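Right, one structure below, let's go through it.
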Amino acid sequence: AQKVTQAQTEISVVEKEDVTLDCVYETRDTTYYLFWYKQPPSGELVFLIRRNSFDEQNEISGRYSWNFQKSTSSFNFTITASQVVDSAVYFCALSGDTGNQFYFGTGTSLTVIP
Amino acid sequence: DTGVSQNPRHKITKRGQNVTFRCDPISEHNRLYWYRQTLGQGPEFLTYFQNEAQLEKSRLLSDRFSAERPKGSFSTLEIQRTEQGDSAMYLCASSLEGWNEQFFGPGTRLTVL
């Protein structure tokens with residue numbers, strides 16, 4: 001079975017603080033991909049990153065960074081120096097070895113207070 | 001290409017009526033997906049097409065739901081005899097084959113009265 005858990009339902013931070021969004025996944029597949037999407041108040045899901053199960057290197061893109069650890073089945077997302085525009089719901093998703101469908105977590109709603 | 005488009009953006013209907021939604025994917029994408037999202041939840045997979053073939057359907061998809069992608073381009077999702085529990089945001093996404101990221105449309109928000 002494929003499952004993604006985002007235990008943090010809502011997080012509030014003050015602008016310029018760093019924040020980490022947690023994602024824990026379950027799968028029996030040896031090949032899988034993990035994704036993060038952002039859903040701003042306008043509603044459209046925006047792709048942020050894709051990571052395959054064989055690549056545990058952390059990735060940094062501007063203020064965003066991702067920490068993938070197979071040992072703990074986690075794929076956490078950190079925003080450094082948060083900004084008001086980062087306020088959104090963030091979803092972690094898993095795609096198994098068939099690559100046919102995505103399994104989404106329930107999302108973490110991030111509010112950045114000015 | 002401007003991305004995935006969906007029409008209508010909003011639909012209000014009375015219980016028991018049929019509704020149809022349309023999705024136009026990114027033109028070079030051969031995979032097209034339908035998801036349903038309710039408040040406070042992540043998108044839930046409904047079905048997907050590779051070109052014109054519908055290859056997988058979720059057990060969530062009751063027999064009142066049907067989807068088509070007749071020429072491998074746009075897709076329609078029809079809900080017959082709508083129920084209040086069908087009220088949700090219906091999302092369409094497209095991608096290239098394989099484990100590529102899916103690009104989502106703005107969704108159609110359905111309200112069943």
Side-chain angles (χ1 to χ4, degrees), chain A residues 1-10 21-25 27 29-55 59 61 66 75 88-110, chain B residues 2-10 23-26 29-51 53-61 67 88-111:
Chain A
Q2 321 277 13
K3 185 178 178 182
V4 174
T5 301
Q6 295 180 257
Q8 303 153 308
T9 306
E10 296 181 0
L21 309 182
D22 298 333
C23 172
V24 174
Y25 63 92
T27 181
D29 297 340
T30 52
T31 301
Y32 54 90
Y33 276 74
L34 296 162
F35 302 80
W36 275 95
Y37 282 83
K38 175 181 180 180
Q39 190 171 41
S42 59
E44 194 160 335
L45 282 152
V46 176
F47 165 75
L48 295 177
I49 191 172
R50 175 184 66 168
R51 169 68 73 227
N52 76 56
S53 52
F54 301 106
D55 181 3
E59 181 157 341
S61 175
W66 290 269
F75 185 44
V89 180
Y90 291 86
F91 291 97
C92 180
L94 165 70
S95 183
D97 60 2
T98 63
N100 292 343
Q101 58 171 287
F102 283 18
Y103 299 85
F104 283 84
T106 50
T108 297
S109 177
L110 173 66
Chain B
T2 57
V4 179
S5 61
Q6 292 186 246
N7 288 288
R9 295 292 306 277
H10 303 274
C23 171
D24 287 89
I26 293 172
H29 287 178
N30 57 353
R31 285 197 173 179
L32 186 148
Y33 305 79
W34 286 99
Y35 291 84
R36 179 170 63 192
Q37 186 178 21
T38 54
L39 197 62
Q41 299 296 315
E44 292 178 298
F45 170 80
L46 294 178
T47 187
Y48 97 95
F49 293 82
Q50 182 154 312
N51 301 311
Q54 188 174 17
L55 296 186
E56 194 165 335
K57 292 195 293 186
S58 165
R59 280 167 275 179
L60 293 175
L61 209 63
M89 177 75 85
Y90 289 84
L91 298 170
C92 176
S94 70
S95 76
L96 296 170
E97 193 171 336
W99 288 282
N100 291 286
E101 57 272 23
Q102 296 179 14
F103 292 88
F104 283 80
T108 295
R109 182 169 296 283
L110 173 66
T111 302

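Since we're looking at a predicted model, the values are computed, not measured. Chain naming here is simple, since letters A, B, ... match the order of the sequence lines and numbering starts at 1 in each.
The number of heavy-atom neighbours closer than 6.0 Å to NZ of Lys57(B), taken from other residues, nucleotides and ligands shown, is 12 or below. Within 6.0 Å of CZ in Arg109(B) there are 12 or fewer heavy atoms belonging to other residues, nucleotides or ligands.
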Full working for side chain to side chain contact (heavy atoms under 4.5 Å, CB included) between Gln102(B) and Phe35(A): CA-CA 10 Å; Gln102(B) 296 179 14; Phe35(A) 302 80; over 6 Å; no
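We find the CZ-CD distance between Phe104(A) and Gln41(B) to be 13.0 Å, quoted to the nearest 0.5 Å. If you take CD on Glu44(B) and CD on Gln101(A), they are separated by 11.0 Å, rounding to the nearest 0.5 Å.
The candidate from Leu55(B), Asn100(B), Thr47(B) with the greatest count of non-hydrogen atom pairs under 4.5 Å with chain A is Asn100(B).
Heavy atoms closer than 4.5 Å to chain A are found in the side chain of Glu56(B), but not in its backbone. Interface remark: Arg31(B) contributes side-chain atoms only to the contact with chain A (heavy atom separation under 4.5 Å). With a 4.5 Å cut-off on non-hydrogen atoms, Tyr103(A) does not touch chain B at all. Heavy atoms closer than 4.5 Å to chain B are found in the side chain of Gln39(A), but not in its backbone. At a 4.5 Å heavy-atom cutoff, Glu97(B) makes no contact with chain A through either its backbone or its side chain.
Here the options are Tyr33(B), Tyr48(B), Tyr35(B), the test is side chain to side chain contact (heavy atoms under 4.5 Å, CB included), and the partner is Phe102(A); only Tyr35(B) passes.
Taking both residues in full, the closest heavy atoms of Pro106(B) and Glu44(A) are given as CB-OE1, 3.6 Å, listed atom of the first, atom of the second, then distance.
Using a 4.5 Å heavy-atom threshold, the side chains of Phe91(A) and Pro43(B) count as touching.
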